[in-house]
Engineer: 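Here you go, one structure.
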Amino acid sequence: MSKLRVGLLFGGRSVEHEVSLASASSIHRALDPTRYEVSLIAIDREGRWHLGRPELPPEVTVDGAVVNLPAAPGSHTLVSSEGGALGPAGQVDVIFPIVHGRGGEDGALQGLLELAGVPYVGSGVLGSALQMDKETAKRLFRDAGLPVLPWVLVQQRELARDAEAAAQRALREIGLPLFVKPANQGSSVGIHKVETRGQLVPALRDAARYDTKILCERAADAREIEVALLGIDPIEASVPGEIRTRRAFYDYEAKYVDEETQLLVPAPLDPEQTERVRGLAIEAMRVVEGEGLGRADFLLERATGEFFLNEVNSLPGFTDVSMFPRLWEASGLPYPALLDRLIELALERHRARSALETVYRRS
Ligand SMILES: Nc1ncnc2c1ncn2[C@@H]1O[C@H](COP(=O)(O)OP(=O)(O)O)[C@@H](O)[C@H]1O
Ligand SMILES: [Mg+2]
């Protein structure tokens, strides 16, 4: 059987560019060379796509030929912006997008891949957009009866008009301590824990640098529990894991810099807690229309023992030491098999979508 050509698409115009490179590197090394040919496609910081030379690791493909993917269905072919042939590397059977943040994880890239008619790993347009927007996701979770912490939404224009009034409203409705977060961001960028009144306006202004929608959410004194999800229907949940950091919360430093951040796999939970959080995770993934992969993150409040759903990430960190692959490893699915499964799911979903009618036929 001929090998499947996987386009590993990474990088991008976001603060998580480096994180994406690290994930792509791990995936590249783990994709079974007897089953797949890999085309490395790097998105540089200006948003241009480059087709890498196969012998080079993802970190250095950014100097490859500039290419683009035409939004015309069915060709599956990257074209060179300078003209000229790209050879087999430009002809992909499936795309594995590992582009974090805005433009990569929020449905925009998925929209392009849909228009191009290429099968791709992970959630579609709607699922990606819903998971990226913390505020919309929280409204859906609440409507579905899933436990979420109370929040208020502050708009950037409210801040520009009267920041003090916006802060007062948050203090009145949520109280201190609270978390301020941009609605569409990741890696804890722009997130602040606010403990005093004086910290609130500066925190709101900083968050407003990253998004026009800002959440003020009750801060919970909580353990952080994560569950990895895989599948479309059915969705399967991994064993839960726990993050322990010595910092005030799981901020950017704790995620990527501090070597003392611990990932406990499996999380020390009793059997009922484990079953409860896995069930909530599957339900959460359904509510935000997640497909293929996801990671549901929870806050387990110390005082009450209650789980609060924090978010579902459509594109969790994917290096071989990241939580998502480690949770699957601990659940009996090693990293290379996990990649096989994700690619299979992408092809299955594409087949199912392609079978839908595009013209109206009277029956
Ligand atoms: N309401 C909250 N109560 C306690 N900790 C929180 C709360 N919201 C966020 N955090 C902390 O901030 C971190 C990042 O917030 P999160 O909403 O997960 O954003 P991101 O998408 O950047 O990961 C969490 O992992 C947690 O440590
Ligand atoms: Mg998070």
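Quick note: numbers below take in every heavy atom, side chains included, and nothing from hydrogens, waters or symmetry partners. For ligands, and for the atoms within them, numbers begin at 1 and follow the listed sequence.
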Engineer: If you measure from each non-hydrogen atom of F179 to ligand 1, which part falls under 4.0 Å: side chain, backbone, both or neither?
Structural biologist: side chain

Engineer: Closer than 4.0 Å to some heavy atom of E311 - which atoms of ligand 1 meet that?
Structural biologist: 16 (P), 18 (O), 19 (O), 20 (P), 21 (O), 23 (O)

Engineer: Would you mind telling me if ligand 1 is within reach of the side chain of T245, the backbone, both or neither, using heavy atoms under 4.0 Å?
Structural biologist: neither

Engineer: Does a sphere of radius 6.0 Å around CZ in R247 hold more than 12 heavy atoms from other residues, nucleotides or ligands, not counting ones at 6.0 Å or beyond?
Structural biologist: yes

Engineer: Look at ligand 1 and say whether A219 reaches it with a heavy atom at a distance under 4.0 Å.
Structural biologist: yes

Engineer: Is the number of heavy atoms from other residues, nucleotides or ligands under 6.0 Å of R13 CZ greater than 12?
Structural biologist: no

Engineer: Could you tell me whether K138 and E311 have a side-chain N and a carboxylate O separated by less than 4.0 Å?
Structural biologist: no

Engineer: Checking the side chain of D320 only, and the main-chain atoms of S26 only, is there a donor and an acceptor separated by less than 3.5 Å?
Structural biologist: no

Engineer: How far is atom 3 (N) of ligand 1 from its nearest protein heavy atom, and which residue and atom name does that atom have?
Structural biologist: A220 N, 2.9 Å

Engineer: Determine whether the side chain, the backbone, both or neither of D221 has a heavy atom under 4.0 Å from any heavy atom of ligand 1.
Structural biologist: neither

Engineer: Can you find an N/O atom of N310 closer than 3.5 Å to an N/O atom of ligand 1?
Structural biologist: yes

Engineer: Quick one: does ligand 1 sit under 4.0 Å from the side chain of L299, the backbone, both or neither, non-hydrogen atoms only?
Structural biologist: side chain

Engineer: Starting from atom 15 (O) of ligand 1, which protein heavy atom do you reach first, and at what distance in Å?
Structural biologist: I191 CD1, 3.4 Å

Engineer: How close does the nearest protein non-hydrogen atom get to atom 13 (C) of ligand 1, and which residue and atom is it?
Structural biologist: Y250 O, 3.6 Å

Engineer: So which protein heavy atom does atom 1 (N) of ligand 1 come closest to, and at what separation?
Structural biologist: E217 OE2, 2.6 Å

Engineer: May I ask you to identify the nearest protein heavy atom to atom 12 (O) of ligand 1, giving residue, atom name and distance to one decimal place in Å?
Structural biologist: F249 CD1, 3.1 Å

Engineer: By number and element, which atoms of ligand 1 are closer than 4.0 Å to a non-hydrogen atom of L149?
Structural biologist: 1 (N)

Engineer: Report, in ascending order of atom number, the atoms of ligand 1 lying under 4.0 Å from any heavy atom of R218.
Structural biologist: 1 (N), 2 (C), 3 (N)

Engineer: Please report which non-hydrogen protein atom sits nearest to atom 14 (C) of ligand 1, along with the residue it belongs to and the distance in Å to one decimal place.
Structural biologist: S188 OG, 3.3 Å

Engineer: Is it true that E291 and S123 share a donor-acceptor pair across their side chains at a distance under 3.5 Å?
Structural biologist: no

Engineer: Salt bridge check: are D221 and R302 linked by an N-O gap of less than 4.0 Å?
Structural biologist: yes

Engineer: Quick one: pull up CG in L140 and CD in E135 and give me the separation to the nearest 0.5 Å.
Structural biologist: 9.5 Å

Engineer: Is a donor on one side and an acceptor on the other found under 3.5 Å between the side chain of K213 and the backbone of V154?
Structural biologist: no

Engineer: Between R326 and E329, does at least one N-O distance fall below 4.0 Å, as a salt bridge requires?
Structural biologist: no

Engineer: For D106 and G103, indicate whether the former's side chain and the latter's backbone hold a donor-acceptor pair under 3.5 Å.
Structural biologist: yes

Engineer: Between K255 and ligand 1, find which residue part has any heavy-atom pair under 4.0 Å and reply side chain, backbone, both or neither.
Structural biologist: side chain

Engineer: Closer than 4.0 angstrom, basic N to acidic O: yes or no for E226 and R278?
Structural biologist: no

Engineer: Counting heavy atoms only, name the option from K134, M132, K181 that's nearest to atom 20 (P) of ligand 1.
Structural biologist: K134

Engineer: May I ask you to check if ligand 1 and N313 share an N or O to N or O distance below 3.5 Å?
Structural biologist: no

Engineer: Is it the case that the side chain of S80 and the backbone of E82 share a donor-acceptor pair, with hydrogens and angles ignored and the cut-off at 3.5 Å?
Structural biologist: yes

Engineer: Among protein heavy atoms, which lies nearest atom 27 (O) of ligand 1, and at what distance?
Structural biologist: E224 OE2, 2.3 Å

Engineer: Please name the atom of E311, restricted to N, O or S, that is closest to the Mg ion (ligand 2).
Structural biologist: OE2

